[in-house]
Each structure stands twice: as structure tokens, then as C-alpha cells.
Chemist: 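The structure follows.
Sequence lines set the chain letters: A, B, ... in the order given, protein chains first and strands last, and positions in each chain run from 1.
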Amino acid sequence: MPELNFSVDKPEYTYITTPDEANRALEELEKEPILGVDVESTGTEPYTEKLLLVQVGSETKSYIFDARKLDLKDLPRFKALLENPKTIKLTHNGKFDYKMIKAQTGVAMDNLYDSMLAEGILTAGLGSGLYSLKGLVKQYLDLTLKKDVRETFEGYTGKVTEEQLIYSALDTLVLFPVFREQFRKLQKENLTNVAKLEFATTRVVGDMELKGVYVDIEKWREIIDGLGKKRDEFAKQFQDVVRPFYDNGNQTDLFGDPVDAINMNSPSQLLDLFNNRLGIEISSTGASVLEKINHPVAKVLSQYRGYEKLISAFGEKLLSQINSVTHRLHPDFMQLGAATGRFSCKNPNLQQIPRNSEEAPFRECFNPAPGYKLVTADYSSFEMRILADLSGDANMIKALTEGLDIHSYTASLMFDKPYSSDFKKLYPDLRQIAKPIGFGLMYGMGPMGLSGQIGTTPDQAEDYIEKYFKSYPSVRDFLDKMARDAVRQGWSSTPGGRKRWYNKPSKTDPEYRKKMSNIERQAKNHPIQGTNADAVKYALVFLSNRLKKEGVDGAITHTVHDEIVCEIREDQAEDWAHIQSQEMVRAGELFIKKVPVISEPFVGDVWEH
DNA sequence: AGAGGTGGTG
DNA sequence: CATGCACCACCTCT
């Protein structure tokens with residue numbers, strides 16, 4: 001365990017409530033190359049909760065700025081210190097501190113180190129992905145922090161207590177030894193470049209979340225209401241058809257209306273219906289099973305499901321999350337939400353809003369503020385390009401370099417037909433076979449999975465897969481090598497250096513083969529998905545820098561895995577669209593050299609691409 | 001509260 | 001031997 005440069009029981013701190021005290025503290029802090037930063041607030045929401053304390057400390061002493069007694073907006077040296085790009089700020093979950101400080105004082109911290117992200121990088125694929133400071137302090141310093149003091153700040157309006165000050169001071173002091181331990185590990189695992197990328201991304205994500213996205217509430221409600229009517233029609237049809245099969249079939253409610261036979265949202269009740277009453281043996285009521293049953297009940301259930309899904313998952317709940325101050329949605333993006341390095345998103349999850357459709361054009365409700373445009377750009381078939389580059393497969397590289405329709409080209413190789421620009425029209429069925437294989441194999445899909453998807457026998461599917469790999473021989477070699485290396489080493493990595501670890505099962509584990517197969521598939525996919533994530537994160541940083549450098553009136557509002565959306569003042573939107581596309585390409589080209597990287601921008605009043 | 005089923009996204 | 005990667009939200013059921 002490392003030596004500590006502070007007392008756990010009596011940490012050294014100064015509580016600051018006047019500008020004079022603040023300036024004396026800042027004079028000391030300005031001498032430090034590394035600072036620990038933490039904030040205490042009445043809650044976690046930067047626009048509606050209140051900032052209470054900002055702790056900024058050296059490794060031996062914490063200075064606690066009382067944000068209620070000081071006007072931190074009007075302390076130039078405070079701003080200069082936290083925005084100084086040369087001073088490292090140690091944080092734990094720095095996105096939160098960044099947002100809270102920026103929203104309430106206008107100070108945008110720069111040069112962050114984040115022990116939460118660092119731990120996520122060091123243990124990707126293991127554990128839960130959630131790391132508390134308390135947990136890290138226990139692990140690295142064998143020290144038990146009392147975190148119950150934190151709760152005392154929730155909705156707090158009273159005078160700051162000594163207990164609160166001690167707690168607040170410790171939160172910056174412990175960051176230093178944790179940082180040193182993690183840093184050693186990051187260097188040992190060659191993860192410093194990935195860490196730099198993640199740390200640079202944090203303030204971009206913070207800005208993105210603070211900016212949020214506008215949603216047209218009225219239009220959203222119209223869509224939901226329309227879907228609700230359709231859903232209710234199918235629900236009634238379903239109940240009418242099914243009612244005779246139940247004992248309560250003649251029952252009516254208070255108003256004489258027939259009562260529902262079953263809860264059609266209950267998979268177990270549906271299984272009972274199909275297996276025991278309709279005489280149709282099914283093991284699951286999922287969409288892929290239902291579509292194979294030629295029965296009116298299955299059909300009407302599928303239609304009901306389509307509407308019910310949209311209403312329950314994307315209905316009123318999303319609108320309730322619109323911020324009362326900004327009137328926009330401010331979702332939570334988690335930088336290391338996925339083990340592969342991808343973001344995840346929640347409250348609400350903007351990465352699963354349905355694509356626009358005739359009946360449910362949800363994304364059309366995402367609009368720019370008046371006088372602004374949405375600039376959307378996504379990488380075109382990026383994962384395919386990554387696979388081509390990483391595998392070095394000559395055929396795949398040729399197809400992507402010449403801009404051929406990749407699935408048609410694949411089909412032409414698989415089935416020995418001449419490729420032409422109208423292949424898609426000439427052999428739509430062959431292309432339709434090639435397409436899911438192209439995607440599926442990047443996920444390590446086997447004959448079973450493919451046969452289930454394209455509706456053939458596993459033998460036929462295996463034959464297709466064989467044809468695919470004969471067309472792209474280096475792709476098979478590459479995927480196999482990824483699986484082998486991961487099993488041998490216990491981890492896989494992206495060209496950017498991002499690692500994902502695997503818990504190998506013991507040979508006596510009854511699920512040994514299943515678990516090993518999982519690892520093999522995950523390892524085949526990780527370099528591909530992870531490289532996509534690496535590129536998007538670089539792109540976000542590049543874009544943020546360009547917005548500033550060009551003095552563009554606009555902001556990044558959200559990102560969906562291979563897509564970035566910005567909100568840009570109308571007169572600058574077209575120019576920005578080109579810059580955005582260029583910067584995304586530049587980010588992609590850091591990793592992809594053998595095939596072109598293409599990003600297609602789109603300027604409009606709605607979110608689409 | 002947590003697990004399992006289902007289904008939306010890339 | 002098991003059989004498609006990565007998520008999150010909502011629902012039911014225990």
C-alpha cells in the first residue's frame with residue numbers, strides 16, 4: 001500500500017468563505033502541477049440543484065470553497081486555475097464535477113484525470129463497470145471512507161459542519177495516491193493513450209449533456225396518441241378472438257363490457273394460450289417465433305406488440321425527463337458504458353429512439369432551436385471498413401476502395417456471378433443472403449444463428465458461410481486469430497490500444513464450452529466495435545476543438561455509435577457540415593488506412609440521415 | 001428488488 | 001458443447 005501524505009482522521013483543510021481567503025488559497029494552489037477537484041451539491045442535476053462546495057487541493061491539503069458564500073463567477077483566478085490546460089485536475093467521475101461547475105459558475109475545467117474512467121479502462125470486460133471512489137480507496141489504499149456524509153448534502157440548506165468539511169477534504173486528498181497507483185498500471189498495460197483519449201472526451205461529453213436536445217412535445221404526443229388508438233384496436237381484436245377459450249369468456253365489467261381474457265403483455269399467459277388452448281406448441285412468444293405461426297392470433301398479437309412497444313418505451317416517460325429550466329432533454333452518456341469502449345446512454349437512451357417511419361416519426365420531433373440547424377453525420381458502413389482494414393482482406397479492400405455495393409459484391413463472389421452496378425436488381429435474393437452474413441460474422445455468428453435468421457437449414461447456412469469465407473479468406477483468418485489470441489492472453493485489444501479482458505472459466509465449469517465460445521465471439525467483435533468507438537471519441541474531441549477554433553455558434557448534442565449530431569446556427573450549418581464530416585474522417589483515418597473512411601453529413605430541421 | 005422476456009438502436 | 005456483438009427500457013412475476 002502506498003504512503004499517505006495526509007491524516008485520515010484530521011486531514012488538513014481550509015474552509016473559504018471570503019474573496020480574500022479565496023485569493024490567498026488560489027495563490028498556493030497556483031504553485032501545484034496537479035490538483036484534486038471535487039464538488040458537493042444538493043443533488044446531481046446541474047441546472048436545478050445547487051452547488052454547495054468546490055474542493056480544490058494539493059496532495060497534502062484541501063481548500064474548500066463555499067459556493068454559497070463566494071461568487072465563484074467573479075473570481076478570475078479561480079477560473080484561470082481550473083481552466084489552465086497545464087494543471088492536471090484529478091477527479092472521480094469528473095464529468096459530474098465539470099458539468100456542475102460549468103453550469104453554475106461558467107468555469108470549464110480543462111486537463112482532467114478521472115479515476116473512475118481509469119479503472120474502467122483497466123478492467124474493461126471484468127466487473128460491473130461501475131466504480132465508486134470508496135471502492136477504489138479501499139482497493140488501492142486499504143482505507144474505508146465514510147460515504148454516508150455525502151447524503152447529508154442532499155437538499156442541504158444549513159451551515160456547513162466540521163464533519164462535512166472533513167469528508168469533503170478527504171475526497172480530494174485520496175485522489176492523489178489512487179492516481180499514482182492507477183497511473184503505474186495504465187503505463188504497464190500500455191493504456192496511457194486510451195486514457196488520454198477518454199480524459200479528453202470527458203469535457204466534450206459534459207458539454208454535450210449540458211447542451212441537451214430539443215424535443216417537440218406536441219408532435220411527440222400526437223404520435224403517441226395515434227399509436228395508442230391502433231394499439232387499442234388490435235388489443236380488442238385479440239381479446240375478442242381469444243375470449244371463447246377462457247372460463248371468464250362471458251364475464252362483463254360494471255358497464256357491461258366484456259372483460260379481458262388475459263394480460264397480453266404476459267409471456268407466460270401467452271404461452272399458456274398457445275400451448276394449452278390453441279394447440280400450437282411454441283417455446284417463446286418472441287417476434288421471430290410468432291412470424292412463423294400462420295394463425296390470426298399470432299398475427300394480431302404481433303401487430304399489438306409493435307404499437308405497445310413504442311408507446312411503453314418511448315411514450316410519456318421520455319417527455320417527463322425534459323428539463324424544467326432548459327426545456328430540453330439532457331441524457332446521461334456513459335463513456336465506458338460498453339465493455340468494448342462504446343458509449344451507452346440513459347435517462348433517456350437517445351441511442352434507441354426508433355428510426356423515422358410513416359406511423360412513428362419519432363426522430364422528426366428532435367429539432368434545432370429557432371435559427372439553428374441540426375447537422376447529422378454518420379460513418380458509412382464503418383465496421384465493415386474496419387474489418388477490411390484489420391483483416392487486410394484483398395477482396396474486401398478492393399470492394400470498399402472502389403465504392404462497390406458491398407453486399408452485392410459479396411454475393412457476386414459467393415455465387416460466382418458477375419458484379420455490376422445493377423446486381424442488386426438482378427439478384428436481390430442472393431444479395432439478401434450475403435448481407436446478414438456480412439454483419440453476422442463480425443459477431444462470430446455460426447450456422448445455427450444464420451439459419452434462424454435467413455430461414456434455411458443449418459447445413460445450408462454452413463454452406464453459405466463457407467462460400468463467404470472463401471470469398472474473403474483473410475477475414476476468416478483474422479477472426480480466428482482474434483479468438484485464439486484472446487483465449488491465450490485473456491484479453492483482446494483494438495489498434496488504438498484499448499483492451500478488453502475476459503474471465504476464463506475453469507475447465508471443470510459445467511458451462512466451460514459455452515463460456516469459451518462466448519469469449520471467442522466477443523473477442524472477434526471487440527477490435528471492430530472498439531475501433532469504431534475509438535474513432536468516434538477522437539472525432540468528438542476534434543469537433544469540440546474545431547467549434548472553438550472556428551468560433552462556430554453551435555454545439556454537439558448527441559452521438560449514436562457511428563453518428564454525431566450537432567446543432568449549428570443556420571448561416572454556419574452548411575460550412576460546418578463539411579468540417580464535421582472532415583473531422584470524423586480524420587479521426588477514422590487514425591486507424592483505418594487501407595480503405596477510404598466516409599462520413600456523410602446531412603443538414604436539416606429534423607434528426608435524420 | 002431482481003430476474004427473465006421482449007424489442008428498440010448501432 | 002453451444003450456437004450473434006454491444007447496449008437500455010419496459011413489462012411481468014416472484
Chemist: Is any side-chain N or O of S284(A) closer than 4.0 Å to OP1 or OP2 of dG5(B)?
Modeler: no
Chemist: Quickly work out the M264(A) CE to dT6(B) P distance and round it to whole Å.
Modeler: 14 Å
Chemist: Using the P atom on both, measure dA3(B) against dG4(C) and round to a whole Å.
Modeler: 24 Å
Chemist: Please list, by residue number, the residues of residues 595-608 of chain A whose heavy atoms come closer than 4.0 Å to an atom of DNA chain C; answer none if no residue qualifies.
Modeler: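 None, since no heavy atom is under 4.0 Å.
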Chemist: Compute both the distance and the angle, then confirm whether R385(A) meets the cation-pi test with Y379(A): under 6.0 Å from the six-membered ring centre, within 45 degrees of the axis.
Modeler: no
Chemist: How many Å lie between CG on L301(A) and C1' on dT6(B), as a whole number?
Modeler: 11 Å
Chemist: On a whole-Å scale, what distance lies between the P atoms belonging to dT3(C) and dG4(B)?
Modeler: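 Those two atoms are separated by 15 Å.
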Chemist: CZ of R363(A) versus C1' of dT9(B): gap in Å, rounded?
Modeler: 7 Å
Chemist: For dG10(B), take OP1 and OP2 only and decide whether either is under 4.0 Å from a side-chain N or O of R355(A).
Modeler: yes
Chemist: Is the NZ or CZ atom of K515(A) both under 6.0 Å from the centre of the six-membered ring of Y502(A) and within 45° of that ring's axis?
Modeler: no
Chemist: Nearest-Å distance, CG (L271(A)) to C1' (dC13(C))?
Modeler: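 Result: 13 Å.
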Chemist: Just how far is it from atom CG of L329(A) to atom CG of L318(A), taken to the nearest 0.5 Å?
Modeler: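 Here the interatomic distance stands at 5.0 Å.
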Chemist: Could you pull out all donor-acceptor pairs under 3.5 Å where a side-chain atom in residues 438-446 of chain A meets a protein atom, sequence neighbours excluded?
Modeler:
none

Chemist: Indicate, with yes or no, if the rings of Y464(A) and Y468(A) have centres closer together than 6.0 Å.
Modeler: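 No - the distance between ring centres of Y464(A) and Y468(A) does not fall below the 6.0 Å cut-off.
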Chemist: So, are D260(A) and K236(A) salt-bridged, with charged N and O less than 4.0 Å apart?
Modeler: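 Looking at D260(A) and K236(A), the cut-off is not met.
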Chemist: Closer than 3.5 angstrom, by distance alone: can the side chain of S312(A) be matched with the main-chain N or O of K309(A) as a donor-acceptor pair?
Modeler: yes
Chemist: Which residue in the set H330(A), M208(A), H558(A) passes side chain to side chain contact (heavy atoms under 4.5 Å, CB included) when paired with V213(A)?
Modeler: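 When H330(A), M208(A), H558(A) are each tested with V213(A), the side chain to side chain contact (heavy atoms under 4.5 Å, CB included) holds only for H558(A).
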Chemist: Summarise how protein sits on nucleotides 2-12 of chain C as a single string, 5' to 3': B when a protein heavy atom is under 4.0 Å from the base, S for sugar-phosphate-only contact, - for no contact.
Modeler: SBBBBSBBSSS
Chemist: Nearest whole angstrom, please: distance from the P of dT6(B) to the CZ of R231(A).
Modeler: 19 Å
Chemist: Please check this pair: side chain of S474(A) against backbone of G392(A), looking for a donor-acceptor N/O pair closer than 3.5 Å.
Modeler: no
